[in-house]
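Just so we're on the same page: letters track the sequence lines, and every chain starts at 1. Computed from a predicted model, the values in this text were never measured in an experiment.
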Amino acid sequence: MANTHTGTGAQSETLSTNPVVVVRGIGQLGRSFLREVGAMFWFIAHTLDETIDRVRQGRVPFRAASFFQHTERAGVESVPLVGLVSFFLGLTMALLTGYQLERFGTERLVPGLVAIGFTRELGPLLTGIMLAARIGAAFTAELGTMKVSEEVEAIEAMGIGPLRFLVAPRMLALFFLMPCLSTISNIAAIFASSLVCRAYFNMAFVYSIDLVRDALLIRDIITGILKSLMFGLIIGGIACYRGLTVNGGAAGVGAATTSSVVTAITVVIGVDTLYNTIYTIFFPT
Amino acid sequence: MTAPSSHVAELRDVKMQFDEKKVLDGVSLQVNPLDRLVIMGQSGSGKSTILRLILGILQPNAGSIFFKQFEITRLRRRKLQQVRRHIGMVYQYSALLSSRNVRDNVALPLEELTDNSRDEIDEIVDAKLDLVGMKDSKKLMPSELSGGMKKRVSLARSLVMEPELILFDEPVAGLDPVIASVIDELIISLTEKSQVTSVIVTHEMESAFRIGTRMAMIYQGKIIEDGPPEQFKQSNNPVVAQFLSGSTEGPILEGSQDAIATK
């Protein structure tokens, strides 16, 4: 480094103002980001390859019991959390928008607004964030601990593909469960908005549901499902990748778990934004 | 390039380094059929690395590694997985899957790699657990087992695929002398009964001389002595002599961090 100052203050000032250092720092960040993205891509590709390879040999890639165990943990046990959070958010959204729209006499738009908002956007996004925190963290910690205690290496040493044995059932469980949980999130929010409409805006429950049916388009539902599937794959992939690349014992497992949750939530929101941008370009109305 | 068929495993001029640290510096070693080869050396000398290289879990920086006629370093993933089925591994901390009970741990390779029915798998698992005296503990979880019991289950797991070579990484580390002797006897009797070759990594001298039919000592990345246990006892090599005696005076500690600590 060109910097020859000995004082800490002078050094940090030089570091922050020297454009070469700043550019180098940005370059290093970019490089490590691209390396991570590449590694994660190959991780998912190798998992698919190992799984498909196993199917080609005419064998099941993993036991059904293992898959259902993960679907139960990721799906069934997440229902109360997803349902409750979505219900409260649906209530809040209906209340806040309802009072604003009431001033213009358009409060009957509330059920449709909540339904579209959740089906296309908030349902998959909220579910993704909750699953990243609840299940992604659990997967990372579990696989990280297995890695640290040499269990993953033992599986590999037996001639068993650890990616198809450990990663594939977890990723697939999240992939298939995400749309189901998203749907539960949507239903909870729509139900909550119907309750608000009944209580505050004198709309019959059946009328609210009719308004929801009128407002929702098939493409809203498809968009929500596609997003959910993508988010499931992303959360599962990141959680398992972080778990299997743990280094440094218990502290490493902790760091990987935090990193897994932060990365998954950031990537999910980023992908959601990208999806919405592309969607708006191709379907502007 | 093929290995002579007389060797179960062979390392040829293997070099391995982690970051800046050179661990193996041109190691050549042959494992002959029915050998109980004990590899000795200081902590961090690369003993366990040799086992992981034979399994293909680590890739060397240079050199070749063979298991029978297969060059491990050149095998593709699928072939490597097939070759690994013929090698058993017992880890230092047993590496039992904590979410599975004893029966399921031992049955895992059979369930995943064979077409055996559940009854056939149960029969094999019972037989192997019986060999290690753990038949009555099938339902226990790894967290309910003592260190010695875990080692025995791990040994049973390594035997279920009828391997031709078993690798032991510090099989008696952390066990009391009595249980360590039990594990040693078990290793001897099982390898003799099953006619299986084994490589044992340890720095427990008593255990090494009890188990080994052949010994090799690794020092500063090289094999400095290789021969029967009697040869080791009479060795003129000062490193071997110091290692066997456990003395603090000698070439091993010269210039090392441990030497500085003792001063």
Check your understanding: Ion pair present between B:Lys47 and B:Asp169, side-chain N to carboxylate O less than 4.0 angstrom?
Key -> no
Review point. Do B:Arg103 and B:Asp126 meet the salt-bridge criterion of a basic N to acidic O distance under 4.0 Å?
Key: no
**Study point:** Toward chain B, the part of A:Glu142 with a non-hydrogen atom under 4.5 Å
**Key:** neither
Review point. Is chain A contacted by the side chain of B:Glu111, its backbone, both, or neither, given a heavy-atom distance below 4.5 Å?
Key: both
Study note, to complete from the structure: Ranking B:Gln92, B:Arg77, B:Arg157, B:Met161 by heavy-atom pairs under 4.5 Å to chain A gives rank one to B:Arg77
Check your understanding: Can you say whether B:Ser154 sits under 4.5 Å from chain A via the side chain, the backbone, both, or neither, judging by heavy atoms?
Key -> neither
Practice item. Please work out which of the three classes, parallel, tilted or perpendicular, describes the rings of B:Phe67 and B:His86, given edges at 30° and 60°. Key: parallel
Point to revise | Ion pair check, B:Arg85 and B:Glu162, cut-off under 4.0 Å | key: no
Review point. Are any of the side-chain nitrogens in B:Arg118 or B:Glu120 under 4.0 Å away from the carboxylate oxygens of its partner?
Key: no
**Study point:** Part of B:Leu113 lying under 4.5 Å from any heavy atom of chain A
**Key:** both
Exercise for review: Tell me, for B:Leu80 versus chain A, whether the close heavy atoms (under 4.5 Å) come from the side chain, the backbone, both or neither.
Suggested key: neither
Study note, to complete from the structure: Per-residue tally against chain B (heavy atom, under 4.5 Å) across A:Glu156, A:Glu153, A:Glu150 peaks at A:Glu153
Check your understanding: Do B:Thr202 and B:Glu204 meet the criterion of a side-chain donor-acceptor pair at a distance under 3.5 Å?
Key -> no
Practice item. Would you mind checking which part of A:Met146 comes under 4.5 Å of any heavy atom in chain B, side chain (CB onward), backbone (N, CA, C, O), both or neither? Key: side chain
Review point. So, do A:Phe67 and A:Arg170 sit near enough that their side-chain heavy atoms are less than 4.5 Å apart?
Key: no
Exercise for review: Pick one of side chain, backbone, both or neither for A:Phe165, based on which atoms fall under 4.5 Å of a heavy atom in chain B.
Suggested key: side chain
